[in-house]
S.K.: 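Would you mind keeping the following structure in view while I ask a few things?
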Amino acid sequence: SEMFYAVRTRDLGMVKRLLRAGAGVAALDSYDRTPLAWAATQGDGRILHHLLHHAPDAKKALEMGRNATALGHSMAYQYSMKLLLDAGAD
């Protein structure tokens, strides 16, 4: 989808436009990842911040049995990790 493309290419402007237009952030790609999980694994705090604002339940961003916090931590992105924890992820 357009949201996955925007997140994977780190196009913050496109992410913002899609969110304003009502694009969903809970969709799963062919790997069962959400846009939130993609942003966490990329360590893109700017995009992660906007996605969390529109879908604050970070616990639902699963990839292969790991939540988005585990993904962010395993990728060693401290700012992303802080955003996820502040949003209530475990």
Side-chain angles (χ1 to χ4, degrees):
S1 79
E2 290 179 334
M3 182 60 79
F4 284 105
Y5 177 79
V7 171
R8 285 194 309 261
T9 60
R10 299 179 182 195
D11 187 338
L12 179 60
M14 185 177 191
V15 168
K16 288 179 179 181
R17 284 190 299 278
L18 291 168
L19 290 172
R20 280 194 302 269
V25 297
L28 296 174
D29 66 8
S30 59
Y31 299 103
D32 291 331
R33 287 182 288 198
T34 63
L36 185 63
W38 272 103
T41 59
Q42 291 178 328
D44 196 321
R46 302 166 311 136
I47 289 177
L48 188 58
H49 172 79
H50 288 282
L51 293 174
L52 286 169
H53 180 73
H54 289 273
D57 190 355
K59 294 177 185 179
K60 290 187 179 179
L62 299 175
E63 176 189 43
M64 294 183 232
R66 297 185 295 164
N67 62 30
T69 306
L71 292 170
H73 180 68
S74 69
M75 299 303 289
Y77 294 118
Q78 293 179 358
Y79 181 64
S80 292
M81 184 68 143
K82 180 184 177 338
L83 288 172
L84 291 164
L85 290 172
D86 289 349
D90 58 9

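As a basis for the values below, the full set of heavy atoms in this structure was taken, side chains included, without hydrogen atoms, waters or symmetry mates. Heads up: numbering here begins at 1 and tracks the sequence.
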S.K.: Working to the nearest 0.5 angstrom, can you tell me the gap between Arg8 CZ and Asp44 CG?
M.R.: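 If we round to the nearest 0.5 Å, Arg8:CZ and Asp44:CG are 14.0 Å apart.
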S.K.: Work out which heavy atom in Arg46 is nearest to a heavy atom in Leu12; give both atom names and the distance.
M.R.: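 So the two residues come closest at NH1-CD2, 3.7 Å.
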S.K.: So which atom in Val15 and which in Ala6 form the shortest heavy-atom distance, rounded to 0.1 Å?
M.R.: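 For Val15 and Ala6, the tightest heavy-atom pair comes out as CG2-CB, 3.6 Å.
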S.K.: Just wondering, do Val25 and Leu19 contact through their side chains at under 4.5 Å, heavy atoms?
M.R.: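 Yes; the side chains approach each other to less than 4.5 Å.
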S.K.: Which residue, His50, Arg33, Gln42, forms the side-chain contact (heavy atoms from CB on, under 4.5 Å) with Val7?
M.R.: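 Of the listed residues His50, Arg33, Gln42, the side-chain contact (heavy atoms from CB on, under 4.5 Å) partner of Val7 is Gln42.
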S.K.: Return the minimal non-hydrogen interatomic distance between Trp38 and Asp29, and the atom names on each side.
M.R.: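 What the structure gives for the nearest pair is NE1-OD2, 2.7 Å.
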S.K.: Compare every heavy atom of Ala27 with every heavy atom of Pro35, then report the nearest pair and how far apart it is.
M.R.: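 Looks like CD-O, 3.5 Å.
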S.K.: In Å, rounded to the nearest 0.5 Å, how long is the span from CG of Leu51 to NE2 of His49?
M.R.: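 Nearest 0.5 Å value for the CG-NE2 distance: 10.5 Å.
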